[in-house]
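Numbered from 1 within each chain, the chains take letters A, B, ... in sequence-line order.
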Number of protein chains: 2
Amino acid sequence: MGQIGPSELSGSLSRATAQRLSQYLRCLRPALTGTTVSSSQLARAVGVSDAQVRRDLATLGNLGQRGIGYDANALTAVIRRTLGIDRTWKSVIVGVGNLARALLRYRGFHEQGFEIVGLFDNDPHKIGTQVDGLTIDSLDQLASSIKTSKAELGVIAVPPESAQLVADELTRAGIKGLLNFAPALLKIAPHIRLVTVDLAIQFEQLAYLVRLSRTSENGE
Amino acid sequence: MGQIGPSELSGSLSRATAQRLSQYLRCLRPALTGTTVSSSQLARAVGVSDAQVRRDLATLGNLGQRGIGYDANALTAVIRRTLGIDRTWKSVIVGVGNLARALLRYRGFHEQGFEIVGLFDNDPHKIGTQVDGLTIDSLDQLASSIKTSKAELGVIAVPPESAQLVADELTRAGIKGLLNFAPALLKIAPHIRLVTVDLAIQFEQLAYLVRLSRTSENGE
DNA sequence: CGTTGTGAACTCATTCACAGCT
DNA sequence: AGCTGTGAATGAGTTCACAACG
């Protein structure tokens with residue numbers, strides 16, 4: 001199974017590990033110069049144990065130097081390659097509301113390798129107008145536009161009642177992965193990857209944590 | 001409210017369990033009428049095993065009926081109480097950009113118990129204007145405003161370089177929990193609860209999943 | 001020295017499988 | 001029959017602790 005090939009993107013990392021790699025990447029950026037970084041430094045920054053960091057990074061190959069640490073540049077490169085963001089991912093956003101605009105302005109998306117190549121909406125008032133240099137197209141054009149632009153990722157930023165429809169349309173257009181912001185339970189084909197971000201759930205989790213820490217005076 | 005009855009809010013649920021409870025809640029809403037729902041139904045809807053559902057729900061007390069299932073209304077009430085959303089959480093948003101506007105329009109926030117009672121920004125052009133019936137205030141007024149409104153949750157929707165400052169200010173103002181959307185590593189006091197939502201990380205996770213499913217044609 | 005990499009131990013989470021209730 | 005609750009088994013994830021190395 002874990003055959004270390006030419007580019008060692010070995011045995012699939014757990015979801016949690018992949019998330020932490022993203023976080024390590026975040027802290028690595030500031031210290032991008034030719035410095036080295038230790039597992040305990042990364043651990044403190046992200047809020048995990050140093051053993052956890054070492055375990056995570058060890059799965060990427062032996063890129064630490066004992067007694068020294070990890071080379072920040074090399075580590076960054078390997079994590080990016082492992083996560084698959086060592087290249088550009090063309091993406092489209094369906095539903096051009098405030099969330100879509102927030103995503104377009106979100107710092108560093110482009111430099112992280114995510115390029116928005118299409119905006120779609122079904123509101124006649126929006127179709128044809130421009131946002132950040134991109135023209136908003138009608139949903140009818142979704143399939144043809146995706147095929148010509150070769151976009152692989154689709155962002156669903158429409159109200160929940162349209163979310164399934166949009167997901168189906170994106171699937172038909174040959175999209176590979178969906179990032180869904182609608183609080184809806186999507187039924188999608190097994191070959192499509194789905195990441196759902198439900199903002200209300202994040203609020204609920206926060207409320208739970210606050211409530212918990214008040215109920216039992218449990219430190220940390 | 002009032003009595004906490006069997007007071008089954010003791011044993012802190014794991015973070016993952018709390019998340020799934022939120023998801024169950026999501027599927028429960030449509031079937032709100034006096035119906036019963038089975039663990040396998042919930043499991044199918046959310047995408048977990050039925051045993052998982054029963055294990056999760058069992059931690060809330062014995063509210064299933066063998067041979068029948070769970071009463072949708074009762075289950076909803078207990079989950080809401082467990083998550084701490086059986087009451088209103090007053091919240092403020094700092095940084096009134098597109099993300100803040102998206103949150104304000106997000107369906108069902110209010111009905112889920114989250115009430116935005118304050119908007120803050122340091123842009124002179126925004127201060128004094130209204131969004132959704134709320135007047136945008138200067139950051140200077142943060143502390144006093146939070147104290148009079150008794151807001152408990154703060155949403156950080158500012159650029160990453162201001163995020164730490166805002167977090168400190170909210171802490172000083174006596175906030176209980178922070179929902180951070182800035183891609184920044186926040187240093188916060190231990191008694192403050194923090195949930196960070198990094199949208200770029202979600203993109204990265206999706207890219208990883210898509211890349212993975214292409215590399216090894218691993219069915220699932 | 002300080003730091004990595006990793007077997008081994010350990011903790012937490014999930015699934016199995018079935019008794020027990022309706 | 002159908003469905004829950006749960007002990008037991010399994011699996012996944014994390015920490016311990018230390019040898020190996022610069």
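A/R20 comes within 4.0 angstrom of sugar-phosphate atoms only, judged by non-hydrogen atoms across all strands, and of no base. Residue B/S40 is classed as having no contact, given no heavy-atom separation below 4.0 Å to the nucleic acid. Note on B/S14: only backbone sugar-phosphate atoms sit closer than 4.0 angstrom, heavy atoms only; bases stay farther off.
Close to D/dG5, at under 4.0 Å from its OP1 or OP2, lies a side-chain N or O of B/Y70. When the side-chain nitrogen and oxygen atoms of A/Q65 are compared with OP1 and OP2 of D/dG22, none of them lie within a distance under 4.0 Å. The side chain of A/S49 contributes no N or O atom lying less than 4.0 Å from OP1 or OP2 of D/dT14. Taking side-chain N and O atoms only, B/Q52 has a distance below 4.0 Å to OP1 or OP2 of C/dT15.
B/R54 places its CZ atom 11 Å from the P atom of C/dC16, with the value rounded to the nearest Å. Note: CG (A/D56) to C1' (D/dT15) measures 12 Å, nearest angstrom. Rounded to whole Å, atom P of D/dT6 lies 12 Å from atom CG of B/L57. Across the protein-nucleic acid pair, B/I68 atom CD1 and D/dG5 atom P stand 12 Å apart, rounded to whole Å. In this structure, A/L13 atom CG and D/dG13 atom C1' are separated by 13 Å, rounded to whole Å. In this structure, A/R66 atom CZ and D/dG22 atom P are separated by 9 Å, rounded to whole Å. When the P atom of C/dT4 is taken as reference, atom CG of A/D50 falls 8 Å away, rounded to whole Å. For B/L60 and D/dT6, the CG to C1' distance is 15 Å, given to the nearest whole Å.
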Can you pull every protein N or O that's under 3.5 Å from an N or O on nucleotides 8-11 of chain D?
unit_1 : atom_1 : unit_2 : atom_2 : d
D/dA8  : N6     : B/R55  : NH2    : 3.1

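Among B/R26, B/R80, B/Q19, the one residue that satisfies the side-chain contact (heavy atoms from CB on, under 4.5 Å) test with A/E204 is B/R26.
B/G95 approaches B/V158 most closely through the heavy-atom pair CA-CG1, 3.6 Å.
Between the side chain of A/Y208 and the main chain of B/L13, a donor-acceptor pair closer than 3.5 Å is present. A donor-acceptor pair under 3.5 Å links the side-chain atoms of B/Q205 to the main chain of A/A18, judged by distance alone. In this structure, the side chain of B/D121 engages the main chain of B/V96 through a donor-acceptor pair within 3.5 Å. Distance alone, capped at 3.5 Å, places no donor-acceptor pair between the B/T196 side chain and the B/L194 backbone.
The 5' end of DNA chain D is approached more closely, in terms of each residue's nearest nucleotide, by B/A51 than by the other of B/A51 and A/A16.
The side chain of A/N62 lies closest to C/dG5 when the candidates are C/dG5, D/dG5, D/dT14.
With sequence neighbours left out, the salt bridge (Lys or Arg N to Asp or Glu O under 4.0 Å) criterion links B/R105 to B/D132.
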